[in-house]
Every structure is written in structure tokens, then in C-alpha cells.
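What follows is a short report on a single structure.
Labels below follow one simple rule: chain letters A, B, ... track the order of the sequence lines, proteins then strands, and each chain is numbered from 1.
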There are 2 protein chains.
Amino acid sequence: MRAGVSVGTVSNVLNRPELVAEPTRERVYAAIAELGFVRNDSARQLRVGRSRTLGLVVLDVANPFFTDVARGVEDTANQHGLAVILCNTDEDPRKEASHLDLLAEMRVQGVLINPIDTDGRIAGLRDRGIPVVLFDRLGDPAVECSVAVDDVLGGRLAATHLIEAGHRSILFVGGPLTLRQVQERYEGASAVVSARDDVELTVLTTTALNVAAGRAAGDRLAAGGRDALPSAVFCANDLVALGVLQALTHAGLRVPADVAIVGYDDIDFAAAAAVPLSSVRQPRQQLGRTAAELLLAETMADEHEHRQVVFDPELIVRDSSSR
Amino acid sequence: MRAGVSVGTVSNVLNRPELVAEPTRERVYAAIAELGFVRNDSARQLRVGRSRTLGLVVLDVANPFFTDVARGVEDTANQHGLAVILCNTDEDPRKEASHLDLLAEMRVQGVLINPIDTDGRIAGLRDRGIPVVLFDRLGDPAVECSVAVDDVLGGRLAATHLIEAGHRSILFVGGPLTLRQVQERYEGASAVVSARDDVELTVLTTTALNVAAGRAAGDRLAAGGRDALPSAVFCANDLVALGVLQALTHAGLRVPADVAIVGYDDIDFAAAAAVPLSSVRQPRQQLGRTAAELLLAETMADEHEHRQVVFDPELIVRDSSSR
DNA sequence: GGCCGTCTTTGAACCGATTCAGCTCATCCG
DNA sequence: CGGATGAGCTGAATCGGTTCAAAGACGGCC
């Protein structure tokens, strides 16, 4: 080698510099700088058995909820010298599967996932020694760690608030209902409503949880005419809520006078909306950080006790649901 | 091996199945399924010399502008069987450097970057045979491909529109001014303004381009009192604009009556804002797709002609700047 | 039967960093 | 002075695919 030193020594300089004598170390650093040497991570991984990356699989990168979670994950990961590979599933089980396959081939240290399809693939990763932590959804504490926010409670908070504000016909907008988040938020609202005789809860399902889907739902609502309108709408997330708000406003309806709206997630844009949006807030970054920490704990320790962490959501009331 | 077959054959089944006889192929697939075999990507990479990933380095994942670009990049990359590693720099040159180092170690196929700091590191990647494509910023066509939107034109569009709407004192809000995008958008506006004697353009710099920074700027504006207010504000991006809008509204000022606002990027949330935001729209996904295509073209071809692609932005006028 | 060409399959070299047993040499101690 | 000690360094084995020259199998043809 350039520094008159063996490859073994170079490796030591890079990984355990304290083992190498000062002058040698200096020479090696100098040679590295001079030659522009960059360690080949594949070779290192091959030998060590696993990579220095961690996979994060989310439903939709364009949703600020997930980018905030990703922030949290990234913070924690970077602190430990790990890179994060962000994968987008678009709520498509096939995309999810193909991303998981890729992550398995990469021998990532672990995977954080908000799963759509809990098919065998996740178990497969785990069999292969790759820990998987579920986030924004609880799993089986016997086999996995998970971090979630209590969505049923979130649904209750929203519904309770609307009922207290005097609304008697509430429409839940969101979908697909196969998404656990959507289902549980609905469940929470439903539980509150069924405890009373005088309140009605209906559902309008959407095909996705984005602004366009919300806009479509809002258009349908508006097209039904003023009489068919519910007095309040509870949306499965803020993107949908913003879409509904846009469509209703566009159709000349007033929020909250004609229809009140409550969203979910309390993304930054909720407060900046046409009518500041009431929303159920989740501790997003903390969700990400906690998930990453659980994952790291699992990779480090020999003995590991799986944990379930549940955060409580909080209702933020703004103009869209109060007069 | 389980299928009574050599490793070489397995490799052929995986990579060039047409070379292997039907029955053998079947046996190998069966064995793979039975054993739950997953190819070790590091070993493959080590041999082949490069990975099947591509790095995307952005200023801020939480900015919908970048997630839309990322979408475009991902689409194209996935079509070619590549994974995308999304890196966040938070406008911090140190983070940028460390991400680039990591990507170099990973021997990514290429890097798409919206650079802050064009220090030696990018050239270093290129020397090592890793193509780099700049996006949202033009580079030197002799050494690199780049894709951008004409930010100077965007600035002109915004300023021209405001002047035509009768505004004579315009405030530009954005920063840091070291960001090329910020600078050029300002330049465009400045060029239009200096062509006239009766219009005044001032600048309020922010430390970042997010909602919080915008809110802070808006608070400062509002604190100055009604008399000190400019008649219009042109923001370096929509996040800042939304922040300003929020702060002004909160302070009891009316938009656009007291102050008009024009943003930049036309993110989905701009239309859904408290006062629907006028904004300069950029073809975001297309920017991402084009950048990825240029990168792929460079990796494939032996001979490669570097290209510069410039898209034109488009002004979308909404309520925030028209009465 | 022998030779040739085609289609399959094999097996060993190789990629580059890590790891570790073992070597060297200076120092210290009895 | 001999031997023990340990710091510092070396060099070869190793990880698991990919690649390719070469071997093998088989059929056709003279």
C-alpha cells in the first residue's frame, strides 16, 4: 500500500484507530487523502454480515404525517451512524412486497414499517434475523415491537367534540376501510355515536387518503344538494379534510356554518388552511424516534423484550368546527 | 445445493434464466422457495462493482416540493429496478457532505442532488465514476447534466403580476440568500422592479424556507405596525408564504386587502390555504423524472453528452394577490 | 463409428474489506 | 543475560454471489 502498510492495518485505522500507533495512523490517513480512497461498503457488509442502513416503509411520502415521522427516524438513525432507506408503498401491497424483498436482499439492520398487508413477508424478514418494528399500528407483542397512537381514542375525541358542539348528523370520510387507521378512527367515532340515540353517523369511503380523494368526496357531497348535507364531517386524515374543505368552499358552502370539519394528524398545513382545521394531533416525530429506538435496542441486545408503545392523540380545535 | 445444482447455475437462474434448461430452472426455483433463500446483495455488488440504488439528496423532505420531485425520481428508478435512497440535508453543508460520503461508500449508481455547497465532494464522486445530476439548479454543461426551472423567470412573473395589480412596494421574504433558488427568484423580481422608477423592492431574509421561518417573518412584519407594511409580499417558497399568511391573519391583517402575497412552488396546500395562495408553479414530478432519466442515460451509455434541461415556471393567480 | 456443433452445467477465480492467529521487536524484570 | 510481556503489524482465510473458460451430454451427419 501507499503508506507502506498492510491492508489489515488500514482496516484497523478505519475501524479501531486506538489499536494503531500514532505515526502509522497519520501515514495511513495521509495516504487515504492522497489516493482519494473510499471504503467499499459492499465488501465490508459482506464480511460483517449486515449493512449500516435501516429501511423505513411508509404509505405515502407526500403525506406530511409520514415525512415528520421520517424526520424522527432519521434523527435517531443518523445519531447511530445509520442511513435510512425510505420506501413508498402508495398503499399497494405489491409495492410493499417488492420493497421488503429489496430490503431483505440488502440485509438492512432492521425495518420500520406501517404495514398494509401483514402477509408472510414480515415474518420472513424476522426469520432471517432482521428485526421489524411496526409503527402507527400495534402488532403482536410476542413477536414484535410496535409504536402507535390510539386511533380509537382519536376517533372518540373527534366525535365527542362534534356532538358537544351540537352536531347530530356526522359523516365519516376516508378509506379504504381496509386500512387499520381508517377503521379504528371510525370505530372510535362510532362507539361514541352509538351511545346516543339522537346522533347519526354515516360513511363516505374514499379510495385513498390524499387531497385529490378528499376533493372528490367533497364534490360528491356538494353535488347532493344542501339538504342532503351532514352537519359535520370527520375525515380520516388532514389531506382528505383539506380536499373536502376545498371542494365545499368551491361549491359555495361555508365551513363551519354549513358543514363543520374535523381532520386527523394536525399536519402543519391544517392550521394554515382556508378555514383553520380542527384536527386530532399525533406526536409524529416522537413516533418516529421511538420506533427507531426500539429497533436499535432490538439489534443491539441479545435478550430483547418486545414492547408496545401507545401514545395518546390530542384534539386541537380550530375554526372549522366551532362558530 | 439443495436442487443438486452448482452455485453458478443458481446465479444464472437468477440473472439470466434463458440460459438454463426449463426443468433445472424449475428445480432451482423450488429449492429457493423451500429454503427461503434471499440473495445477498452485498456479495453481488462487490462482484459487479456497483449497487442497484441511486441517491437523492434534497434540502428538506418535509417540503412537498421535494416529495413531489422524489415521486418522479422514484417512478423512473423503480421502472428500472433501482431503489432510491432519500437523504435530507436540512440546508446544512455538513449533513450534505456526510450523506455524499455515505453514498460514495455504497457505490450508488448515481446521485441526484440539489446542492448547497458545490465543494470538491461532487467532483470526487464523479472521479470515482459515479455520475451526478444536479436538479433545481444548473451546473456546468461540460461536466454534468442538470435540470432546473427558470427561477429568474419565476421571479419576474411574480413581480410583474404584483406590479400590474397596482402594488408599488413589494417585500421579498426568503433566505438564506446563499441558496441559489432564493437568490435567483429575488433577482428576477429585482430586474422587473428596477426597470421602473415607481416601484420599491425590499428584502426580509429568513434563516430557512419552512413554515416556522415564514411565521417568524410574518410576526416581524405585523409588529412593525400597519404603516410600515409593504403592499405586497413575494415569498421564496410556499411554506414561507403560508407562514407569513398565518402570522398576518393572526395579527388581524387581511390578505390581500392589507397585504397581497405570492408564493413559489404551487404545492398542493397552496390552493387550500386560508386565502388561496397565488404561486409560481414548477413541474415538480417532471423535474424528478427528467433528472432520473438523465442519470440513467449517463450510467448506461459509454458516450454521454451532458445536457441542461430548463423548464419554464407558470404563475397561478389566486385570491391572495387579487381583489 | 467418429467428428462436430449446440446446449447445459460446472468449478474456480475474483471482488475488497474484516478478522485473527501469529510474528517481530522493544522493554522490563529477575 | 535469558525470558516474559505486550504493543504493533502482517498475511491469509473469509464472506457469498458473478463470471467465464472448459467440460460434459446429446444429436446429427458423413
Worksheet item: Looking at Asp101(B) and Arg121(B), does any basic side-chain N land under 4.0 Å from a carboxylate oxygen?
Response: yes
Practice prompt. Output yes when Glu105(B) and Arg52(A) qualify as a salt bridge under the 4.0 Å nitrogen-oxygen rule, no when they do not.
Written response: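 So Glu105(B) pairs with Arg52(A) through a salt bridge.
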Discussion item. dA17(C), OP1 or OP2 - any side-chain N/O from Arg39(A) closer than 4.0 Å?
Written reply: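 No, Arg39(A) has no side-chain N/O under 4.0 Å of OP1/OP2 on dA17(C).
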Worksheet item: Quick one: is dT9(C) close enough that its OP1 or OP2 comes under 4.0 Å of any side-chain N or O from Ser6(B)?
Response: no
Could you tell me the separation between the [atom1] atom of [X] and the [atom2] atom of [Y], rounded to the nearest 0.5 Å?
X: Arg307(A); Y: Glu305(A); atom1: CZ; atom2: CD; answer: 9.5 Å
X: Phe311(B); Y: Leu287(B); atom1: CZ; atom2: CG; answer: 6.5 Å
X: Arg16(A); Y: Ser11(A); atom1: CZ; atom2: OG; answer: 7.0 Å
X: Asp41(A); Y: Ser51(B); atom1: CG; atom2: OG; answer: 10.0 Å

Worksheet item: When we call it a touch if two heavy atoms are under 4.0 Å apart, what does Asp41(B) touch: a base, just sugar-phosphate, or nothing?
Response: nothing
Item to complete: Pick base, sugar-phosphate or nothing for Arg16(B), based on heavy-atom distances below 4.0 Å to the nucleic acid.
Response: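 It contacts sugar-phosphate atoms only.
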Worksheet entry | Nearest-nucleotide 5' precedence on DNA chain C, Asn12(B) against Arg47(B) |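 Result: Asn12(B).
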Practice prompt. For Glu18(B) and for Ala43(B), locate the closest nucleotide of DNA chain C by heavy-atom distance; then report the residue assigned to the nucleotide nearer the 5' terminus.
Written response: Glu18(B)
Please report the distance, rounded to the nearest Å, between [atom1] in [X] and [atom2] in [N].
X: Arg50(A); N: dT18(C); atom1: CZ; atom2: P; result: 14 Å
X: Leu14(A); N: dT18(C); atom1: CG; atom2: P; result: 6 Å
X: Asn15(A); N: dC20(C); atom1: CG; atom2: P; result: 12 Å
X: Leu46(B); N: dA13(C); atom1: CG; atom2: C1'; result: 13 Å

Item to complete: For Gln282(B) and Asp265(B), test the side chains for any donor-to-acceptor distance below 3.5 angstrom and give the result as yes or no.
Response: yes
Discussion item. With a strict under 4.0 Å distance from non-hydrogen atoms of chain B, what nucleotide opens and what nucleotide closes the contacted stretch of DNA chain D, reading 5' to 3'?
Written reply: dG16(D) to dT19(D)
Worksheet, complete the sentence: By nearest-heavy-atom nucleotide on DNA chain D, the more 5' of Gly8(A) and Leu19(A) is Leu19(A)
